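The shown structure was predicted, so the numbers you read here are calculated from the model rather than taken from an experiment.
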Amino acid sequence: MNVSAANVTVVLQYRDSFTKAVVKNVIVVVLGISINYINVCLIHTFCKHQIFYMNPRYILFIHLVFNDMIQLTLTVILFLISYTIYRINVPVCCVFILVALFATENSPMNLACMAVECYIAICLPLRHVQICTIKRTLMLIGLIWTTRMFSVLPDLFITLATEPLDFFYSRVFCLRETVFRNPHIIKKRDITYIVYLVIVWFVIVYTYFRILFTAKTASKAAKKARNTILLHGFQVLLCMATYAEPLLKQALLQWFPKNYPDSLFACYIIVQVLPRSISPIIYGVRDKTFRKYLKRHLLCKVSTQ
């Protein structure tokens, strides 16, 4: 999705006072460290117990958490850079933006795959073991990264082919639009996103209604799976929020011109930071099995200290 908010709030002509800048950076860093700490605990719990790393559902989940960690870490780094260094070298900015794009665009596709796994588990329980194997799950993750490469890397190739050499020795305020500024890239991005999200939403809606019909006469597990897919849909909505971000920024500038930096900061927290906390809530708190092992891990840590 659009990562222009990745270093979000500070537009150069709207600078905060020193005190306000410190407060905003502290909030972002604290939120980033807190969410990533929980994600690290989830990954550690996953790696320590065979019940998780031999289960396709949890493999897909931990892949989602891994992408969230990458995206959140880069978001925080770029936010701090926007307040300190302001401008960075174009090649460095390209690397940041490309990695952030990979991580951000992987998430909706990963959620769609998790919805399909829930559908197979509930609607085709006798074939779940044959269809959802560890090998196929890892191949699916590889396919997700491959499709995103075909979506993201053309931006880099078009930029290398069209921009003068001097551009790559310059320093820019690191946004997607400042390094990948060719108009063809923007058109390609819009078309790709539309196709991409239509596919994801079709999968989410289809699996939800198939499980919904099953849940009317089936077990509590089917109803839980239905609710899980609803949460996946909510996560996809949060991912889509980045599409509306440019329009939202323009509206904020018109509505709150005097408080524009504060409005952008709130937009950044809602669109870029808080969605990264949804995955830990769904599986780290809501999932009974993961919650049990996560509690055990945290209690052992506290007792050793």
Side-chain angles (χ1 to χ4, degrees), residues 1-44 64-89 92-93 95-97 99-101 103-104 107 171-179 235 238-239 241-242 244-246 248-253 255-282 284-285 294 297-298 301-302 305:
M1 314 327 200
N2 192 336
V3 196
S4 63
N7 56 351
V8 99
T9 63
V10 188
V11 181
L12 289 177
Q13 62 265 37
Y14 292 93
R15 304 302 301 176
D16 286 321
S17 66
F18 176 78
T19 303
K20 188 178 287 188
V22 170
V23 170
K24 287 181 178 179
N25 278 270
V26 168
I27 290 173
V28 168
V29 170
V30 169
L31 283 174
I33 292 175
S34 301
I35 295 171
N36 270 348
Y37 174 76
I38 297 171
N39 285 333
V40 167
C41 290
L42 292 173
I43 292 174
H44 178 76
L64 182 65
V65 170
F66 177 71
N67 279 284
D68 283 347
M69 286 185 63
I70 294 175
Q71 199 272 347
L72 182 60
T73 301
L74 288 174
T75 294
V76 173
I77 290 173
L78 290 172
F79 185 92
L80 295 174
I81 287 174
S82 70
Y83 271 93
T84 53
I85 305 175
Y86 307 140
R87 299 177 186 272
I88 60 176
N89 293 328
V92 177
C93 181
V95 172
F96 278 139
I97 297 298
V99 176
L101 282 170
T104 308
S107 295
R171 297 166 66 89
V172 295
F173 188 74
C174 191
L175 298 169
R176 183 177 186 177
E177 290 79 4
T178 58
V179 289
Q235 285 180 280
L238 291 175
C239 293
T242 53
E245 194 172 5
L248 180 59
K249 284 182 178 179
Q250 293 178 9
L252 291 172
L253 181 58
W255 296 339
F256 310 105
K258 295 181 180 179
N259 299 313
Y260 187 53
D262 297 334
S263 301
L264 285 177
F265 178 72
C267 177
Y268 166 76
I269 295 295
I270 293 169
V271 172
Q272 291 292 334
V273 177
L274 293 184
R276 311 281 83 79
S277 65
I278 301 297
S279 298
I281 291 173
I282 292 178
V285 177
L294 184 62
H297 166 68
L298 293 175
K301 255 190 148 181
V302 171
Q305 289 175 356

Does the plane of the ring in Phe79 sit parallel, tilted or perpendicular to the ring in Phe265? Use 30° and 60° as the thresholds.
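Tilted, since the angle between the ring planes falls between 30° and 60°.
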Testing the basics here: between [X] and [Y], what is the closest heavy-atom pair and its distance to 0.1 Å?
X	Y	answer
Ala103	Asn67	CA-OD1, 3.3 Å
Ile88	Val92	CD1-CG1, 4.2 Å
Gly32	Val76	CA-CG2, 4.2 Å
Ile97	Leu175	CD1-C, 4.2 Å
Leu74	Ala100	CD1-N, 3.5 Å

Would you say that Thr75 contacts Tyr268 through its side chain, given a criterion of any heavy-atom pair below 4.5 Å between the two side chains?
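With C-beta onward as the side chain, the pair touches.
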Are any of the side-chain heavy atoms of Met69 and Ile43 separated by less than 4.5 Å?
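Yes, at least one pair of side-chain atoms sits under 4.5 Å.
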Please name all residues satisfying side-chain hydrogen bond (donor to acceptor under 3.5 Å, both in side chains) with Asn25, sequence neighbours left out, ordered by chain then number.
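Not a single residue meets the side-chain hydrogen bond (donor to acceptor under 3.5 Å, both in side chains) criterion with Asn25.
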Checking side-chain contact (heavy atoms from CB on, under 4.5 Å) for the pair Thr104/Ile70: CA distance, chi angles, key distance, verdict?
CA-CA 9 Å; Thr104 308; Ile70 294 175; over 6 Å; no
Before we go on, tell me: are the rings of Phe173 and Tyr86 under 6.0 Å apart, centre to centre?
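Between Phe173 and Tyr86, the centre distance exceeds or equals 6.0 Å.
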To the nearest 0.5 Å, tell me how far Ile27 CD1 sits from Ile269 CD1.
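Here the rounded value is 7.0 Å.
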To the closest 0.5 Å, what do you measure between CG (Leu42) and OH (Tyr37)?
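Here the interatomic distance stands at 10.5 Å.
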Check for a donor-acceptor pair, side chain of Arg171 on one end and backbone N or O of Arg87 on the other, with a separation under 3.5 Å.
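Looks like yes, one N/O pair under 3.5 Å.
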Looking at Thr178 and Cys174, would you say the former's side chain and the latter's main chain have a donor-acceptor pair under 3.5 Å?
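No; zero donor-acceptor contacts below 3.5 Å.
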Using side chain to side chain contact (heavy atoms under 4.5 Å, CB included) as the criterion, point out the one residue from Ile35, Ile77, Ile33 that pairs with Leu72.
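Exactly one candidate clears the test, Ile35.
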Evaluate the criterion side-chain contact (heavy atoms from CB on, under 4.5 Å) for residue pair Tyr83 and Val22; output intermediate values, then yes/no.
CA-CA 9 Å; Tyr83 271 93; Val22 170; over 6 Å; no
